[in-house]
Amino acid sequence: MSNDFKMAIVDVETTGLSPWRHDRIVEIAIVVVSPDGVIHKEYETLINPERDMGPSRIHQISAAEVLNAPKFGDVAHDIADIFRGVHILAGHNITFDRNFLIEEFKRCKIAMPTMPIFCTLNLSGSSLGKSCADFGVDFDGAAHHAINDARATAVLALRMIEEDQSLFGKVIKDINSSKHYSWPRLSPRRTPCISRDHANKILDDSPAFMRRIVGEMRHDTEASPPNVLTYLTLIDRVLEDRVIDEQEEAVLIDAIENLGLSRGQIQHAHENYIYNLAVRALADGVVTDAEYADLHAVCRLLGYNRGSLDETLKSTRAQLESFDVARGGTASSHDLHGKRVCFTGELRSKIDNKPIKRPMAEALAEQAGLLVASSVTKKLDILVVADPHTQSGKARKARNYGTRIIAEPAFWTMIGVDVQ
């Protein structure tokens with residue numbers, strides 16, 4: 001048997017036993033092997049089933065673990081791309097797994113072709129654990145974890161073929177007679193996967209991260225109408241515990257209707273919110289996998305896809321990296337270190353030909369060692385103004401208090417930011 005031949009061993013964990021009664025896949029693992037035992041690819045991810053988890057006593061996957069996982073539609077193209085490169089589907093009770101895949105692909109308007117199958121359960125007649133024991137296959141890790149089951153099944157299948165080549169005769173005939181089957185041409189999306197270990201790390205790490213960056217959010221009271229500010233602070237509350245559920249989505253929809261917000265106001269508010277989160281997340285220079293998963297969950301809640309988040313993070317990172325404070329510091333930068341600063345008006349300067357928005361301005365000031373304030377009080381040291389003649393409420397208060405007022409271009413020069 002040629003080693004060009006490849007077999008995809010599949011295992012899925014599901015919300016229940018019937019793909020025809022709205023049960024869904026919650027975890028999938030695929031191991032691609034050739035007859036010589038070479039593993040060509042391993043793929044595993046939790047799947048957000050977009051419904052309750054059902055009885056989880058077998059697979060032990062919680063709703064919290066799949067919260068940030070991709071939906072099947074997010075990974076369907078990637079899974080199809082893997083299957084396109086193999087000759088046969090295999091598994092322990094592969095018919096069960098295949099039926100779930102057929103229904104999941106059908107929801108994505110993708111017709112799964114009828115591929116030849118190789119079922120280790122049909123050949124052994126017993127559970128995966130018992131079959132592995134009978135054939136001397138070591139089973140690593142806990143059962144009913146998709147990747148563990150798929151790896152064990154891969155070794156089991158190869159051991160069966162090795163011991164009895166005739167078992168594979170019918171399969172080879174099926175392959176030769178099934179050359180007409182083909183997958184539709186779908187461009188893989190390379191959607192990031194979330195394993196159980198990854199999901200648990202997110203659960204351990206993310207709440208503190210989201211609470212921190214939401215806690216640092218400052219909304220522009222001058223630029224945002226009161227109803228928009230109310231909506232933005234409601235989003236803050238929704239995100240405090242990081243868990244974003246259907247009820248909270250409904251709360252935001254109700255708020256939009258009752259606050260009378262226009263489509264344009266909502267879109268602008270969401271864009272600014274995501275940008276603000278990106279600036280806060282990148283303030284320490286690193287966005288971990290756990291932090292990225294949380295940011296993506298927020299984007300999904302607010303109607304933005306992963307591509308929009310990636311572009312926002314990319315442009316935000318470029319602006320922050322262009323910030324070039326002299327690390328030794330100049331006399332003027334030392335003079336400002338520890339001072340309280342507030343901004344007013346729509347800023348006009350640019351970095352990399354992109355406007356410096358308020359969240360970016362505040363982040364740059366913080367990196368220069370200043371303390372950013374949202375409002376003008378007697379404790380404020382500096383008010384940065386886009387227009388020196390501004391008559392904003394903040395500017396009037398600052399003049400009354402005798403607060404130092406600095407024009408925006410001069411402020412950037414003082415803290416070493418090269419702007420256009």
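Note that the numbering runs from 1 along the sequence shown for the chain.
Here salt bridge (Lys or Arg N to Asp or Glu O under 4.0 Å) pairs that include residues 80-93, with residues two or more places apart or in two chains, are Asp81-Arg84, Asp81-Arg190.
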**Prompt:** Could you go step by step and tell me if Lys314 and Glu311 meet the salt bridge (Lys or Arg N to Asp or Glu O under 4.0 Å) rule?
**Reply:** CA-CA 5 Å; Lys314 180 181 177 181; Glu311 182 57 35; 5.1 Å; no
**Message:** Please determine whether side chain to side chain donor-acceptor pair (under 3.5 Å) holds for the pair Tyr292 and Asp310, giving the CA-CA distance in whole Å, both sets of side-chain angles, and the decisive distance to 0.1 Å.
**Reply:** CA-CA 9 Å; Tyr292 180 85; Asp310 289 342; 2.6 Å; yes
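Ring geometry for Phe83 against Trp183 counts as tilted: the plane angle lies between 30° and 60°, on a 0 to 90° scale. Classification of the Phe100-Phe96 ring pair by plane angle, with boundaries at 30° and 60°, yields tilted.
Applying the side-chain hydrogen bond (donor to acceptor under 3.5 Å, both in side chains) criterion to Gln60, with sequence neighbours excluded, gives no partner residue. Residues satisfying the side-chain hydrogen bond (donor to acceptor under 3.5 Å, both in side chains) test with Asn272, not counting sequence neighbours, are His268. For Ser349, the side-chain hydrogen bond (donor to acceptor under 3.5 Å, both in side chains) test picks out Glu408, with sequence neighbours left out. Listed by chain and residue number, nothing satisfies the side-chain hydrogen bond (donor to acceptor under 3.5 Å, both in side chains) test with Asn227 (two or more places apart in sequence, or in another chain).
In terms of heavy atoms, Val12 sits closest to Asp97 at N-OD1, 3.0 Å. When every heavy atom of Gly338 is checked against every heavy atom of Leu371, the shortest pair comes out as O-CD1, 3.8 Å.
Checked by atom type and distance alone, the side chain of Thr316 never pairs as donor or acceptor with a backbone atom of Ala278 at under 3.5 Å.
Side-chain N/O atoms of Ser34 and Asp36 include a donor and acceptor closer than 3.5 Å.
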Kindly list each side-chain donor-acceptor pair under 3.5 angstrom involving residues 140-147, sequence neighbours excluded, with atom names and distances?
{"unit_1": "His145", "atom_1": "NE2", "unit_2": "Arg196", "atom_2": "NH1", "d": "3.2"}

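Annotation: Arg340, atom CZ; neighbour count of heavy atoms from other residues, nucleotides and ligands within 6.0 Å does not exceed 12.
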